[in-house]
Amino acid sequence: MHMTDSRTIAASPEEVWSAILNPEVLKQCVPGCTEMSGNADDGFEATVVQKVGPVKATFKGTVVLSEMVPGQSLTLTGEGKGGAAGFAKGGADVKLNAVEGGTELHYDVDAKVGGKLAQLGSRIIDGFAKKMADQFFSNFQDAVEGPQDEDADADAIGDDAEGGEKKKGWFKKLVS
């Protein structure tokens, strides 16, 4: 399966780049991630619990970063094994471009599944993969720039919302 999409994040390419390389950010963004360790140079190891249709599994896998051009692009290659449920492997080419108002993050993803997961059929798998990618990048955007719901921002920060200040994402708070 192949997916391509992009989104604009209200942060500089340098901030987005730092977030992509941070295991704590990645752990918060990967749906179902229970553990994440490692670093950008040596790769990351993760444990993810997911349910795809009737199949629920715990996947243990690795992600390696390569072809890194700081602040501009990288390639992620990963593989996860879910025991009897099967396996998932694939890669993503990620490109960052400075645009007015922030950074455009563009991604091209190729993924393959095998085992019981592959028996579910491409319609279920493709829909699940798209949902996971959308959820990851939505979580990533929230971590970097803060929630998009203005009402939630106003409730969360009280008088600051009236003063025109925007709530920062938790990653931005760390690097500020």
Side-chain angles (χ1 to χ4, degrees), residues 2-48 59 61-80 88-111 129-176:
H2 185 84
M3 294 176 286
T4 300
D5 203 353
S6 64
R7 51 175 69 224
T8 301
I9 298 173
S12 70
E14 292 77 21
E15 289 173 305
V16 174
W17 180 261
S18 293
I20 287 174
L21 303 181
N22 186 316
E24 284 303 310
V25 173
L26 296 176
K27 180 180 178 186
Q28 295 298 319
C29 297
V30 174
C33 185
T34 58
E35 294 178 40
M36 174 79 68
S37 62
N39 59 60
D41 294 330
D42 300 324
F44 299 101
E45 292 185 4
T47 301
V48 177
F59 291 89
T62 58
V63 176
V64 176
L65 306 180
S66 62
E67 300 178 36
M68 293 192 288
V69 179
Q72 295 179 27
S73 64
L74 61 88
T75 297
L76 299 119
T77 308
E79 183 173 350
K89 62 181 173 179
D93 291 321
V94 178
K95 292 182 176 47
L96 305 177
N97 296 310
V99 296
E100 188 174 324
T103 302
E104 180 186 53
L105 184 149
H106 178 82
Y107 58 93
D108 266 319
V109 177
D110 273 311
K130 179 167 179 16
K131 178 182 163 196
M132 288 285 289
D134 288 345
Q135 194 172 357
F136 172 83
F137 285 105
S138 177
N139 292 347
F140 183 78
Q141 187 170 6
D142 287 349
V144 175
E145 68 181 27
Q148 295 301 305
D149 183 351
E150 291 179 20
D151 293 335
D153 281 355
D155 291 342
I157 58 177
D159 294 335
D160 288 343
E162 293 170 17
E165 286 186 34
K166 184 175 188 273
K167 183 176 178 184
K168 290 182 181 179
W170 68 268
F171 180 73
K172 273 196 174 180
K173 288 178 186 174
L174 288 176
V175 297
S176 295

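Reckoned from all heavy atoms, side chains included, excluding hydrogens, waters and symmetry mates.
- Evaluation of the ring-ring contact (aromatic ring centres under 6.0 Å, His included) test over residues 89-108, restricted to residues two or more places apart or in two chains, returns Y107-F137.
- Counting heavy atoms from C-beta outward, V109 and T4 have side chains that stay 4.5 Å or more apart.
- Distance CG/L96 to OG/S12: 10.0 Å, rounded to 0.5 Å.
- Note that NZ of K89 is 5.5 Å distant from CD of E79, once rounded to the nearest 0.5 Å.
- Considering NZ of K27 and OG1 of T47, their distance stands at 9.5 Å, rounded to 0.5 Å.
- Within the 3.5 Å criterion, the main-chain N or O of T103 finds no donor-acceptor partner in the side chain of T8.
- The shortest non-hydrogen separation linking R7 to S138 is NH1-CA, 3.7 Å.
- Atom OG in S6 sits 12.0 Å away from atom NZ in K95 (nearest 0.5 Å).
- Under the 4.5 Å side-chain criterion, counting only non-hydrogen atoms from C-beta, M68 is in contact with W17.
- Closest approach of G71 to P13, counting heavy atoms only: O-CB, 3.7 Å.
- Taking CG of N139 as the reference point, atom CG of L26 lies at 11.5 Å (rounded to 0.5 Å).
- The number of heavy-atom neighbours closer than 6.0 Å to CD of E45, taken from other residues, nucleotides and ligands shown, is 12 or below.
- Pairs engaging residues 35-44 under the side-chain hydrogen bond (donor to acceptor under 3.5 Å, both in side chains) rule: N39-D42 [sequence neighbours left out].
- For F59, there are no ring-ring contact (aromatic ring centres under 6.0 Å, His included) partners two or more places apart in sequence or in a different chain.
- When side chains are defined from C-beta on, L74 does not count as touching V69, because their heavy atoms never get closer than 4.5 Å.
- The side-chain hydrogen bond (donor to acceptor under 3.5 Å, both in side chains) check on K130 picks up D134, with sequence neighbours excluded.
- Considering only heavy atoms from C-beta on, F140 comes within 4.5 Å of V16 through its side chain.
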Practice item. Verify side chain to side chain contact (heavy atoms under 4.5 Å, CB included) between L105 and V94, making sure each step is shown before the conclusion. Key: CA-CA 7 Å; L105 184 149; V94 178; 4.1 Å; yes
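- The shortest heavy-atom contact between P23 and G38 is CG-O, 3.7 Å.
- Here side-chain hydrogen bond (donor to acceptor under 3.5 Å, both in side chains) pairs that include residues 65-77, with residues two or more places apart or in two chains, are T75-D93.
- For F44, there are no ring-ring contact (aromatic ring centres under 6.0 Å, His included) partners two or more places apart in sequence or in a different chain.
- Q28 and E24 form no side-chain donor-acceptor contact under 3.5 Å, judged by distance and modelled atom types alone.
- Counting heavy atoms from C-beta on, the side chains of T34 and V48 never come closer than 4.5 Å.
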